[in-house]
Amino acid sequence: MRNGGIALDLTLQSGQVFHWDRREDGSWEGLADASPLRVREQDRALQVVEGDEEVARNYFALDHPLEKIYADFPTDPMSARALEVCRGMRILRQPRWECLATFITSSMKQVAHIRSMSLALRKGYGRPLAGRFCYPTPAAIASAGEGALRACGLGYRAANLLATARRVDSGAIDLDAIARLPTADLRSELTSLPGVGVKVANCVLLFAYERLDAVPIDVWIHRVLLSMRGGRSGTATQLARYARRRLGPYAGYVQQYLFHQARVSAK
DNA sequence: GGCCAGGAACGTT
DNA sequence: AACGTTCATGGC
């Protein structure tokens with residue numbers, strides 16, 4: 001299989017994207033931005049059943065050099081185990097606004113509930129397309145009231161999503177223009193937005209800006225990194241430094257594998 | 001039913 | 001710069 005192939009189920013169930021649906025026959029339906037896709041995996045190859053082939057190859061990031069990424073993987077037992085379990089999982093190339101908005105809603109929420117908020121927002125404020133719903137535009141979110149967003153289950157996150165949508169819609173920040181910035185500058189642009197701290201910014205860097213060395217540290221990865229260091233306690237800053245030193249040039253990929261491995265082994 | 005979740009913002013030390 | 005609190009909601 002060219003370039004390492006893809007493990008589709010793992011990729012779409014690893015907590016990086018929240019709106020894909022698995023059908024009875026094992027194929028998956030979803031939207032890559034505004035392009036409807038139905039895809040399946042066959043012997044580690046991505047098969048596009050419906051939709052545009054090039055759009056799918058880009059969205060599923062089939063150009064990421066998995067074999068090279070694996071050659072650079074850390075060799076400690078936890079990383080090795082995660083690679084064994086998650087081989088073929090890819091970091092998707094997601095639309096910027098959709099990714100940013102979704103992770104603003106993710107704070108202190110479990111994956112299942114992030115899905116339900118995403119669906120409520122799409123159904124309520126997104127454009128219908130091919131039996132599904134696009135993610136709402138910044139303008140659509142901006143013109144919905146805070147109360148309406150709370151009705152989608154956002155709670156206190158509603159005000160943050162609304163405020164950030166207004167900044168994007170007004171042009172106060174240009175999510176495409178900032179893509180050319182070096183990672184540190186891009187991160188500080190993102191953290192200037194309401195509801196975006198370092199963790200959410202790193203998710204957006206990794207999932208929507210192709211910064212494959214970005215490491216979001218949530219409660220799961222926090223525990224994993226503590227354990228890798230031998231169990232003694234550590235601050236967020238210390239763990240970020242540890243991750244940068246130990247997880248290698250594709251630290252974001254390593255982090256995603258460790259995240260998924262930690263979650264499945266906890267059940 | 002209690003516990004906890006892919007945190008951020010803000011106030012105190 | 002490092003901690004403590006508060007903020008809503010729902011899956012399990």
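Residue numbering restarts at 1 for every chain, and letters A, B, ... go by the order of the sequence lines.
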Rounding to a whole Å, what distance do you find between [X]:[atom1] and [N]:[atom2]?
X: A:Leu154; N: B:dG7; atom1: CG; atom2: P; answer: 15 Å
X: A:Ile221; N: B:dG7; atom1: CD1; atom2: C1'; answer: 15 Å
X: A:Leu190; N: B:dA9; atom1: CG; atom2: P; answer: 12 Å
X: A:Lys109; N: B:dC4; atom1: NZ; atom2: P; answer: 16 Å
X: A:His222; N: B:dC4; atom1: NE2; atom2: C1'; answer: 15 Å
X: A:Arg263; N: C:dC12; atom1: CZ; atom2: C1'; answer: 13 Å
X: A:Lys199; N: B:dG7; atom1: NZ; atom2: P; answer: 5 Å
X: A:Leu121; N: C:dT9; atom1: CG; atom2: P; answer: 14 Å

Checklist entry - If each of A:Thr191 and A:Pro216 is mapped to the nucleotide of DNA chain B with the nearest heavy atom, which maps nearer the 5' terminus, i.e. the 5' end? => result A:Pro216

Item to check | Residue whose nearest DNA chain B nucleotide is more 5′ - A:Pro194 or A:Ala112 | outcome: A:Ala112

Heavy atoms under 4.0 Å, any strand shown: does [X] hit a base, just sugar-phosphate, or nothing?
X: A:Thr235; answer: sugar-phosphate
X: A:Arg115; answer: nothing
X: A:Gln256; answer: base
X: A:Thr102; answer: nothing
X: A:Leu193; answer: sugar-phosphate
X: A:Gly195; answer: sugar-phosphate

Checklist entry - Counting side-chain heavy atoms from C-beta on, which of B:dG6, B:dA8, C:dA8 comes nearest to A:Tyr156? => result C:dA8

Checklist outcome for this item: Of B:dG7, B:dG6, C:dG10, the nucleotide closest to the side chain of A:Ser107 is B:dG7

Next on the checklist: Is it the case that the base of B:dA8 and the side chain of A:Arg157 share a donor-acceptor contact (distance under 3.5 Å, atom types as modelled)?
Outcome noted: no

Checklist entry - With no hydrogens and no angle check, do the side chains of A:Thr11 and A:Arg90 hold a donor and an acceptor under 3.5 Å apart? => result no

Checklist entry - So, A:Arg157 and A:Thr105: side-chain donor and acceptor under 3.5 Å apart, yes or no? => result no

Item to check | DNA chain C: 5'-proximal contact among A:Thr237 and A:Met108 (nearest heavy atom) | outcome: A:Thr237

Checklist entry - If you measure from the Lys or Arg side-chain nitrogens to the Asp or Glu carboxylate oxygens, is any gap between A:Asp176 and A:Arg96 under 4.0 Å? => result yes

Next on the checklist: Assess whether a salt bridge exists between A:Glu98 and A:Arg122, defined as any Lys/Arg side-chain N lying under 4.0 Å from an Asp/Glu carboxylate O.
Outcome noted: yes

Next on the checklist: In whole Å, measure the gap between the P atoms of C:dT6 and B:dG6 for me.
Outcome noted: 23 Å

Item to check | Distance, P atom - from B:dA8 to C:dG11, rounded to whole angstrom | outcome: 23 Å

Checklist entry - Is A:Arg22 positioned over the aromatic face of A:Trp20, cation under 6.0 angstrom from the ring centre and no more than 45 degrees off axis? => result no

Item to check | side-chain hydrogen bond (donor to acceptor under 3.5 Å, both in side chains) evaluation trace for A:Asp76 with A:Ser79 | outcome: CA-CA 6 Å; A:Asp76 67 273; A:Ser79 301; 2.7 Å; yes

